[in-house]
Amino acid sequence: MIQTALREIKRGTAEIIDEARLETLLKNWFEKKETYTVKAGFDPTAPDLHLGHTVLLQKLAIFQKFGGHIQFLIGDFTAQIGDPTGKSETRKKLLPSQVLENAQSYKNQVFKILDPEKTTVVFNSEWINPLGAAGMLELTSTYNVARMLERDDFDKRHKAGISISISEFLYPLLQGYDSVHLKSDIEIGGTDQKFNLLMGRHLQRVYEIGKEQSVLMMPILEGLDGVQKMSKSLGNYIAVADEPNEMFGKILSISDTLMWRYYELLSSNSLDEIEALKAGVENGSLHPKKVKEALALEITARFHSEDAALGAQAEFERVHAQSEIPSEMDEFSAEAPIWIAKALVDCLLSPSTSQARREIKQGSVKIDQNKLSDEQYQLEAGEYILQVGKRKFARLKVTQ
RNA sequence: GGUGAGAUACUCAAGUGGCCAACGAGGGCAGACUGUAAAUCUGCUGAUUUUUAUCUUCGAAGGUUCGAAUCCUUCUCUCACCA
């Protein structure tokens, strides 16, 4: 039993630190029904959860199956600093009301995956604010600059001559302190969080809370471009809240190489099944597109429903394979006569009329399926279907 | 505190008085080819119905000049070395 649980927990992980302790915790659960806590921190700056987050969430859900109680931490205090991981710019300070709003939105999305009964949502400002200057000073004295600079991105920035603000040094310390306060048994995070996660162990030792958390790291999910990590700011993400059609389409647009990565990290297929698919594609018995479709179906169904996913697939087939127009699209209205470039902007298909003109010139604009080349074209009264590129559509009603 | 170097569009990075909305690369968008894949090739990538034009933009504010990303002054920020 323990072995099965352990295998499931270890699936897809990049690295586990102190696996022995993890085993002990599981053993205690199976033998004495003792629960343990699993901490995962999230940044409240982006309320839009994407598939990258769900890699962690799914892992948390597995822990819940085996006695784990989740400490879902919203880093409202640390968000004021901004996690230095991979970034150089300082983030904007969020208003408390925004943090609450984002947290609420997190909850709506997170409990599609997590069991709310076994989850506690906590905010780290709750215990960091009372720390005060004295507590903060004590915290900073537990670490030194040389070791702080060992951290890969600090090191790189330091060498490259990019500024590092002192407050950024506090980020790992505070994240580690969260583990002290919460007395977490396990913390999970992405591999890029390694330094911060280890800080939790360090501080738990320093503050003598009588345990050191195990650390479980998940690989970072690449975004749609297949190169950079999935993130909202890079715009290469698939949001949990994306509409079925959009979600399905986005998954299908990833590259074949990236597809295997997504299979590994997101799909619930066993590793053996994935291997079989891979072999099938290699020897030509399976078409890669079919395999990708299966993945898109699975994921879309997870966040919506089986029916919605099938609907999205059918729609996709209609629009792209047979290049018909989608069954649903945003509708707009305007008064005749309206210049086509203006209409495209009004329908949110183009960001500016200049851009719209360029798009017309390039031949990517279609009206009712017909390519438009005249950028001076005026729309008279009637109903039109405007299209820019392959995937942007809008219905426009022009009235006299 | 002192000395020196630097800040250019989404990112990197050229440009040191007019030929600059600003070379180039990456990214992004679009077209061709495809499986809305990848790779490849091509075009576009500040705004505006004056489109061989006009307006705004090269850290900020002033100034010199017919004309400034480019020169001068002050300021803000960053880095390096010294203390």
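Just so it is clear: chains get the letters A, B, ... in the order the sequence lines come, proteins before strands, and each one is counted from 1.
- Checking the phosphate oxygens (OP1, OP2) of U48(B), a side-chain nitrogen or oxygen of Ser352(A) falls inside 4.0 Å.
- For the pair Leu277(A)/Trp260(A), a side-chain contact is recorded, criterion being any heavy-atom separation below 4.5 Å from C-beta on.
- Atom CG in Asp225(A) sits roughly 19 Å away from atom P in C10(B) (whole-Å rounding).
- Applying the 4.0 Å criterion to OP1 and OP2 of A37(B), one finds that Ser253(A) has every side-chain N and O outside that range.
- Partners of Trp127(A) according to the side-chain hydrogen bond (donor to acceptor under 3.5 Å, both in side chains) rule, which considers only residues two or more places apart in sequence or in another chain, are Asp178(A).
- For residues 372-379 of chain A, proximity to RNA chain B is found at Gln376(A), Gln378(A), defined as any non-hydrogen atom under 4.0 angstrom from a strand atom.
- Contact check on Glu8(A) versus Arg11(A) returns no salt bridge, with no Lys/Arg side-chain nitrogen under 4.0 Å from an Asp/Glu carboxylate oxygen.
- Two residues are said to be in side-chain contact when any heavy atoms from C-beta on lie closer than 4.5 Å; Ile188(A) and Phe63(A) meet this criterion.
- Between Arg357(A) atom CZ and A30(B) atom C1' there is a gap of 17 Å when expressed in whole angstrom units.
- Each of U49(B), A30(B), C29(B) was ranked by its minimum atom distance to the side chain of Gln355(A); first place goes to C29(B).
- Across the protein-nucleic acid pair, Asp256(A) atom CG and A39(B) atom C1' stand 11 Å apart, rounded to whole Å.
- Remark: Glu282(A) does not engage Lys278(A) in a salt bridge, criterion side-chain N to carboxylate O under 4.0 Å.
- Under 4.0 angstrom from either OP1 or OP2 of U48(B) there lies at least one side-chain N or O belonging to Ser354(A).
- Applying the Watson-Crick and G-U wobble criteria (two distances, each under 3.5 Å), U51(B) pairs with nothing in any strand.
- Toward the 5' end of RNA chain B, the nearer of the two residues Phe248(A) and Val345(A), judged by each one's closest nucleotide, is Phe248(A).
- Distance Ile360(A) CD1 to C29(B) C1': 15 Å, rounded to the nearest Å.
- Lys292(A) comes within 4.0 angstrom of a nucleotide base, judged by non-hydrogen atoms across all strands.
- Glu315(A) places a side-chain N or O within 3.5 Å of a backbone atom of Ser327(A) that can act as its donor or acceptor partner.
- Ion pairing of Arg21(A) with Asp185(A) is present here, as a side-chain N (NZ or NE/NH1/NH2) and a carboxylate O approach within less than 4.0 Å.
- Linking ILVMFWY side-chain heavy atoms closer than 4.5 Å, directly or via other members, places Ile186(A) and Phe42(A) in a single hydrophobic cluster.
- Here Thr353(A) reaches the OP1 or OP2 of U48(B): one of its side-chain N or O atoms lies under 4.0 Å away.
- The gap from the P atom of C10(B) to that of U3(B) amounts to 35 Å, rounded to the nearest Å.
- In this structure, A30(B) and U42(B) make a Watson-Crick or G-U wobble pair, each of the two defining distances being under 3.5 angstrom.
- With distances taken from any side-chain atom of Arg358(A) to the nucleotides A47(B), G35(B), A37(B), the minimum falls on A47(B).
- In summary, Glu23(A) and Lys27(A) do not engage in a salt bridge, as defined by a charged side-chain N under 4.0 Å from a carboxylate O.
- When both distances must be under 3.5 Å, the Watson-Crick or G-U wobble mate of C12(B) is G24(B).
- Rounded to whole Å, the separation between the C1' atoms of G62(B) and U52(B) comes to 36 Å.
- Not a single donor-acceptor contact under 3.5 angstrom links the side-chain atoms of Gln362(A) to the base of G31(B).
- Here A32(B) is the nucleotide among C44(B), A32(B), G35(B) with the atom lying nearest to any side-chain atom of Lys371(A).
- In this structure, G17(B) forms no base pair with any nucleotide, since neither Watson-Crick nor G-U wobble geometry is met with both distances under 3.5 Å.
- Between the CD1 atom of Ile166(A) and the P atom of C77(B) there is a distance of 16 Å, rounded to whole Å.
- Between Lys342(A) atom NZ and A47(B) atom P the separation is 13 Å, expressed in whole Å.
- The separation between Lys289(A) atom NZ and A38(B) atom C1' is 15 Å, rounded to whole Å.
- The distance between atom NE2 of His287(A) and atom P of A37(B), rounded to the nearest whole Å, is 12 Å.
- Across all strands shown, Ile254(A) has heavy atoms under 4.0 Å from sugar-phosphate atoms exclusively, and none from any base.
- Across all strands shown, the partner of A7(B) is U76(B), judged by Watson-Crick or G-U wobble contacts whose two distances both fall under 3.5 Å.
- Nearest to the side-chain atoms of Lys390(A) among the listed nucleotides A47(B), U49(B), G31(B) stands G31(B).
- A distance of about 12 Å separates the P atoms of C44(B) and A22(B), rounded to the whole Å.
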